[in-house]
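Everything below concerns the one structure shown next.
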Number of protein chains: 2
Amino acid sequence: MAVTIRDVARASGVHVSTVSRTFSAPHLVNADTRNRVLAVAEQLGYRPNRAARGLTTGRTHNLGLIVADIANPFFPPLIKAAQAHARARDYHVFVADTDEDPRVEEELIQAFTKQVDGVLLCAPRLGDRALARLRRQVPFVLVNRRLDGVPAVLMDVGHGARLAVEHLAGLGHRRLALLSGPEGSWNSGRIREAAADAAAAAGAELTVIGPNSPTEQGGQIAAPEVARAAVTGVLAYNDLVAIGLVEGLAELGVRVPADLSVVGVDDIMQARLNRPKLTTVAMPTIAAGRTAVDMLLQLVGTDEPGPAALTVLETTLVVRESTAAPVEGRAARLSSREVT
Amino acid sequence: MAVTIRDVARASGVHVSTVSRTFSAPHLVNADTRNRVLAVAEQLGYRPNRAARGLTTGRTHNLGLIVADIANPFFPPLIKAAQAHARARDYHVFVADTDEDPRVEEELIQAFTKQVDGVLLCAPRLGDRALARLRRQVPFVLVNRRLDGVPAVLMDVGHGARLAVEHLAGLGHRRLALLSGPEGSWNSGRIREAAADAAAAAGAELTVIGPNSPTEQGGQIAAPEVARAAVTGVLAYNDLVAIGLVEGLAELGVRVPADLSVVGVDDIMQARLNRPKLTTVAMPTIAAGRTAVDMLLQLVGTDEPGPAALTVLETTLVVRESTAAPVEGRAARLSSREVT
DNA sequence: CTGAAAGCGCTAACAT
DNA sequence: ATGTTAGCGCTTTCAG
């Protein structure tokens, strides 16, 4: 085994408890002794064993971070921000991926219990009831999901969806479609509600198509149905779906934005790369990651003062090239076209 | 505190060691007792404390995974694969991001010591000497980096670079540039060597431009220099750089592939989305993530038989739209053009 | 300010 | 097959 507190104690001629204090309560030990201990520790290459410490203190100084899909470009910036922020506060973070499966999600939360001081649940797919139950096992904060009494950071995607629909309506679109997200997604619900409201207010008709897998493939698969729906504007659950939709549409000979306007949600890097560049709702992922860590640390009893138990972050609409004014009679023309 | 092994023991009328055995060596305990213990444990909601277990066994069942930048699209698929693979073997993984800073990299490795059974170092930026020293603190396996005596999984990017240069040469390009990567990058060195070899073999001239930040910005910044270099084909350190380069070039009025051919490395999702779709060297990231975990677990003494201490994974060239035959006299025309 | 002693939750010989 | 007894490395009363 490696060098322990005991080795340091022996080598510096003090008792282990003094060494311990040197690291966990330096002010309780005489400056001279402290320096000596520190020097010896340094020289021996001593590093406190966090697990052992956690055993007595009850705090592991570890956090769990659970997302549906690490490879979904929406998450990495959030993970990166959360990880960096946590590290700056001397916390390490376990990252895990549920593969969009609620059961895996539950298993992971269970597995993290006792391993971590708290977990960040990003856009969980689990039901309210399960979440409420799990909550008693381990403290957590939710990202993009609201549940009574549980701290959360929300990116106000409803607002973004409203802006998107108003943008479309402002361009003159009256027949809109919404490509909804996966079953358990809270965001999908918020987008849908807000879009419906905004559409009604603007006197536009909104058809909901879904649920869809939150991937490019999901969008591509939905393309024929969208084409058949005789709409001129579409709001997709996220950018990946939007990008897939544009691709699928292209294969059907439907051009964006000439024949159909498409807006996404997330503003992932790909949105800017896509041709046409995607009009989309930008999400403050970095701020969300940081804030979530702050809230979690506050929740698990760190002294650091933190934000309130519910933080709502604003979203904005980024208008790019995938939206344009509809052309007269387009809807009719589209609906009568032969589509598989 | 939550429910411990002791609570289970009391409630099921056996000694703690029996409970312990029920979980860590089930075959050593009578089926009836085992079932009873299991039932009680289940009912009480008992979950073993891995940290406590680790204290006595010396194995934490945790892995560390260190990358230069979580938000670089090259890494998420690798992280995802490694995490999933590790979890299937009952290992949790700490993910950390160095922000391309070797000092942070070193700090992280230090911090993970004792916290994990081993660490996966993906494309480390640390020097050989530092790596060799650190290696004595914690077992690790390298991804895309070779160091004597240290297990590694390599994606044969040299081969890919060679294919790329041959592809360019085959198209008729004779004046090539290489946008190299960041200082500490082993991959960048391999690409450079292989590209130089292949260029020489094909009778082409190769200008090295760099080092460059491994980001879109890095490519964009290099664009003027590339334009000035009077080359007709470019191999970039990675897709991000290639994409940034294409953008930067566009701003200077240089079109890809009409005026200049560009090849990237990595085949990230963005490569396909970019216009023109990027010709690039595809990396087997998922296999790499899995293999690295296997090697690491083998290294730290799991019984599972694993692959050898050095695994080289093949890369391939994906030809898309960013490369084409050069047009007569283009190099001269480009070099004489006014470029800032 | 520092030492002594107990114990965190669990495993690992060693007995029985 | 199960109980006993020591710790693992560290923190935390409690004395002094």
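Each chain gets a letter, A, B and so on, in the order the sequences are listed, and its residues count up from 1.
DNA chain C lies under 4.0 Å from at least one heavy atom of each of the following residues of residues 19-37 of chain B: B/Ser20, B/Arg21, B/Ser24.
For the OP1/OP2 pair of C/dG3 and a distance below 4.0 Å, the side-chain nitrogens and oxygens of A/Thr18 include at least one atom meeting the criterion. Dashed line: the shortest gap from a side-chain N or O of B/His15 to OP1 or OP2 of D/dT2 is not under 4.0 Å. Remark: A/Arg6 is in phosphate contact with D/dC8, judged by side-chain N or O atoms under 4.0 Å from OP1 or OP2.
Here the CZ atom belonging to A/Arg135 is positioned 12.5 Å from the CD1 atom belonging to A/Ile109, to the nearest 0.5 angstrom. We find the OG1-CZ distance between B/Thr18 and B/Arg34 to be 12.0 Å, quoted to the nearest 0.5 Å.
Side chain of B/Thr4, nearest nucleotide from D/dT12, D/dC10, C/dG9: C/dG9. Closest to the side chain of B/Thr56, out of D/dC10, D/dG7, C/dA4, is D/dG7. Among the nucleotides D/dC10, D/dG3, C/dG9, the one closest to the side chain of A/Ala52 is D/dC10. Looking at the side chain of B/Leu55, the nearest of the listed nucleotides C/dT11, C/dG9, D/dC10 is C/dG9.
A salt bridge links A/Arg89 and A/Asp294; the closest N-O separation between the charged side-chain nitrogens and carboxylate oxygens is under 4.0 Å.
Using bins of under 30°, 30° to 60° and over 60° for the plane-to-plane angle, the ring pair A/His92/B/Phe94 lands in the perpendicular bin.
Here the side chains of B/Met295 and B/Leu299 are not in contact, with every heavy-atom distance at 4.5 Å or above.
Atom CG in A/Asp7 sits about 13 Å away from atom C1' in D/dC10, given to the nearest Å. Rounded to whole Å, the distance from CD1 on B/Ile5 to C1' on C/dG9 is 7 Å. Taking atom CZ of A/Arg47 as the reference point, atom C1' of D/dC10 lies 16 Å away to the nearest angstrom. Atom CG in A/Asn49 sits about 16 Å away from atom P in C/dC10, given to the nearest Å. Residue A/Arg50 contributes atom CZ, which lies 13 Å from atom P of D/dC10 at whole-angstrom precision. With rounding to whole Å, B/His61 atom NE2 is found 11 Å from C/dT11 atom P. Distance, A/Gln115 CD to C/dC8 P: 20 Å, rounded to whole Å. Look at CZ on A/Arg10: it is 12 Å from P on D/dC10, rounded to the nearest Å.
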Requested in this report: Could you walk me through whether B/Asp128 and B/Arg145 pass salt bridge (charged side-chain N to carboxylate O under 4.0 Å, His left out), step by step?
Outcome: CA-CA 10 Å; B/Asp128 284 2; B/Arg145 170 70 170 264; 2.7 Å; yes
Side chains of residues 61-70 of chain A: which donor-acceptor pairs under 3.5 Å do they make with residues two or more places apart or in other chains?
from    : atom 1 : to      : atom 2 : distance (Å)
A/His61 : ND1    : A/Asp90 : O      : 2.8
A/Asp69 : OD1    : A/Ala71 : N      : 2.9
A/Asp69 : OD1    : B/Lys80 : NZ     : 2.7

